[in-house]
Amino acid sequence: MSDHLPKCIIYFSSLYLSPSLGDILDLQVYYPWEFLSSSPCRTVVFPLITSGVTYWVIKFLQQLGVWPKCINSYTLLVAPRLLLTTFSFILDYTVYRVAPFWGADRWNALILLAGSYITLVFFTRTFTNTLEGLFFALLMLLASARESDTCLAKHTRSSLIGIITASGFFNRPTFLAFALMPLLYWTGLNVTPQHSFRAIANHFLNLVPSATLTAFIFVAADTLYFTTFQSKDSSNSTEKVKPFSITAIVNQNIIVTPFNFLSYNLNPHNLAQHGSHPRVTHFAVNGLILFGILHILAISVGLKMLRRCIHPLSWIKPHGHQSSTVLVHPESKLALLSFYFVPLVFLSLFSHQEPRFLIPLILPLVLLITSHNRTIKWKPIIIIFNVLGAFVFGCLHQGGLIPCLAHLEQLIHSPESLSHGAHYTLLFAHTYMPPRFLLNISKKDPQIEVIDMAGTELQTFCQTLEHLANTCGGTQTERKAACKLFVITPGTISTNVKKCGVLFKNETLIFPHLTMEDPPQLSFLFSDKWKSQLGLSILQLDRNQQSI
């Protein structure tokens, strides 16, 4: 099992792992710009709570001698995912508790949730979107019942909702789009139209104390972190620690990361740097990629609800044709629809639209579909769609990158490399950003250099490669023997890389690997080269090479 698990990966969240690994285990990591003191746009609280907790445990076990060699690429990858997998059962618990309230069969809803590749792939990863989905589930759990129907006291429920709303906002400010309708529905359940405006305002004011306290904790933690750690240089490869001083913290500006996040993302020019998409991308493309037929069924339900709202008498049915399931008022069904479509609409206002932004919507979607008994007819399609989704996004897409890093880690830490003091230069091109923490390199080790060329053009890449080859090889035999240069690139690009002015002595192929930015040609998939086209190549420079 351990030999195969790292091969299954969707694109990964090095953004979430970097601060906790670099600060706790003293490893070389890449600090994304969001975590630099010059541009703090992400709270450091959740990375330290999720990934940080697991790394503290690993470090503690190593220091006690219980597990001396526990720090390696496999444990660094799997430990945080095990924790997030445990957290993902919040979704199951929420569905089990609230399904009867929404007129959905709880077991059908649980099966639909557990069988979704969204749950299997995304909710076991350290994404901010994963935590956003968990907070959304907790908010739905608290908002889906009247206060008189639960054992929680009124003030306790209000306090919990305030804490969840503030925490979700600091995790991702877009959480407000998900929280809007559950909060309004919770208000409608507990405040009748006969209440005065003052009563309604007091209902919301009950959230303020707990939300304010939660926000204060996040602001204090982020201000402390970003005023203690400062970028050492523009290469963004490491950070140096300032001496801790309460006076220095007080004298610094207060850092509120969600406001910085919003300020950055509300600028269309900034979003364009990450990719611009048509406003209908979430609705027309991403919803289908993530949810398949369930997204189409939700649209169908929405259209029927719209028709019934226009013709109120269409709700009236003969008694003999009523369903045997729990009867749910049209207002409740409309609320579920709003839980799904309102966040989708708000997120569509931004020009940058990635599928993972919608993963929290899996919860209201399964409740909506099962409440209408629409899964039986489409069961074969749902099963096939999720199997294919789990394979493509869970194993195939960028699937060679983690096994590649595990392979390189073994080379770097092999007895031969350690005894000869070899210098490694790892050049990545046309892959997603390599998470450096999987190489398990100490900050005190200057012998390993990781260069991410991203999607640079071939001519520029070849020039860089030739320069590194000449610098690495030098003219002395000793330097040639101690220098090792590796080029990591998809199989669809490796053929062109071999045409650069250097020689490679061997090639290791990691299978499977698919990059949608450089997809294989269909003709190659039906030839004897199909495996190389769906692989990630590790090319090692010939240390005796001469420019050609």
For the student: nearest non-hydrogen atoms of [X] and [Y], plus distance:
{"X": "Pro512", "Y": "Cys395", "result": "CG-O, 4.2 Å"}
{"X": "His269", "Y": "Asn267", "result": "N-OD1, 2.9 Å"}
{"X": "Ala429", "Y": "Phe461", "result": "CB-CE1, 3.5 Å"}
{"X": "Ala211", "Y": "Ala166", "result": "O-CB, 3.6 Å"}
{"X": "His513", "Y": "Leu401", "result": "ND1-N, 3.8 Å"}
{"X": "Ile164", "Y": "Phe175", "result": "O-CE2, 3.8 Å"}

- Task: Would you confirm whether the ring centroid of Trp67 sits within less than 6.0 angstrom of the ring centroid of Phe60?
- Result: no
- Give a yes or no on whether the ring-centroid distance for Tyr432 and His397 is below 6.0 angstrom. yes
Flag, side chain of [X] to backbone of [Y], donor-acceptor distance under 3.5 Å:
{"X": "Thr124", "Y": "Val121", "result": "yes"}
{"X": "Ser210", "Y": "Leu207", "result": "yes"}
{"X": "His413", "Y": "Leu439", "result": "yes"}
{"X": "Thr75", "Y": "Asn72", "result": "yes"}
{"X": "Asn260", "Y": "Pro40", "result": "yes"}
{"X": "Gln28", "Y": "Ser442", "result": "yes"}
{"X": "Thr130", "Y": "Phe122", "result": "yes"}
{"X": "Asn206", "Y": "Ser158", "result": "no"}
{"X": "Ser494", "Y": "Gly491", "result": "yes"}
{"X": "Gln353", "Y": "His282", "result": "yes"}

Below 4.5 Å, heavy atoms only, C-beta onward: do [X] and [Y] meet side chain to side chain?
{"X": "Arg81", "Y": "Leu83", "answer": "no"}
{"X": "Ile412", "Y": "Leu426", "answer": "yes"}
{"X": "Phe123", "Y": "Ile118", "answer": "yes"}
{"X": "Phe437", "Y": "Leu25", "answer": "no"}
{"X": "Asn286", "Y": "Arg356", "answer": "no"}
{"X": "Phe486", "Y": "Leu427", "answer": "no"}
{"X": "Thr94", "Y": "Leu363", "answer": "yes"}
{"X": "Ile441", "Y": "Glu409", "answer": "no"}

Distance check, rounded to the nearest 0.5 Å: [X] atom [atom1] versus [Y] atom [atom2]?
{"X": "Phe339", "Y": "Leu180", "atom1": "CZ", "atom2": "CG", "answer": "10.0 Å"}
{"X": "Trp56", "Y": "Gln63", "atom1": "CH2", "atom2": "CD", "answer": "12.5 Å"}
{"X": "Thr212", "Y": "Ile163", "atom1": "OG1", "atom2": "CD1", "answer": "11.5 Å"}
{"X": "Leu112", "Y": "Leu365", "atom1": "CG", "atom2": "CG", "answer": "7.5 Å"}
{"X": "Arg97", "Y": "Asp92", "atom1": "CZ", "atom2": "CG", "answer": "14.0 Å"}
{"X": "Gln398", "Y": "Leu536", "atom1": "CD", "atom2": "CG", "answer": "8.0 Å"}

- Message: Counting only heavy atoms not in Gln273 (residues, nucleotides, ligands), do more than 12 fall under 6.0 Å from its CD?
- Response: yes
- Run the numbers on Leu134 and Leu138 for side-chain contact (heavy atoms from CB on, under 4.5 Å), then give the verdict. CA-CA 6 Å; Leu134 298 178; Leu138 291 173; 5.6 Å; no
- Query: Just one of Phe87, Phe135, Phe170 clears the ring pair (Phe, Tyr, Trp, His ring centres under 6.0 Å) bar with Phe46, so which one?
  - Reply: Phe135
- Query: Do Glu34 and Ser39 get their side chains close enough for a donor-acceptor pair, meaning under 3.5 Å?
  - Reply: no
- Message: Using side chain to side chain donor-acceptor pair (under 3.5 Å), reason through Glu132 and Asn171 one step at a time and then give a plain yes or no.
- Response: CA-CA 7 Å; Glu132 190 172 41; Asn171 175 60; 5.7 Å; no
- Message: Which label fits His277 and His352: parallel for a plane angle under 30°, tilted from 30 to 60°, or perpendicular past 60°?
- Response: tilted
- Query: Parallel, tilted or perpendicular: which fits the ring planes of Phe169 and Phe259, with parallel below 30° and perpendicular above 60°?
  - Reply: perpendicular
- Evaluate side-chain contact (heavy atoms from CB on, under 4.5 Å) for Leu361 paired with Leu358, printing each intermediate quantity in order. CA-CA 6 Å; Leu361 297 179; Leu358 302 182; 4.1 Å; yes
- Start with the C-alpha gap between Leu139 and Leu183, add the side-chain angles, then the distance that decides, and say whether side-chain contact (heavy atoms from CB on, under 4.5 Å) holds. CA-CA 8 Å; Leu139 192 58; Leu183 288 176; 4.2 Å; yes
- In Thr223, Thr43, Asp222, the residue satisfying side chain to side chain donor-acceptor pair (under 3.5 Å) with Thr257 is Asp222
- Message: side-chain contact (heavy atoms from CB on, under 4.5 Å), that's the test. Do Leu91 and Val95 meet it? Break it down for me.
- Response: CA-CA 6 Å; Leu91 295 176; Val95 168; 5.6 Å; no
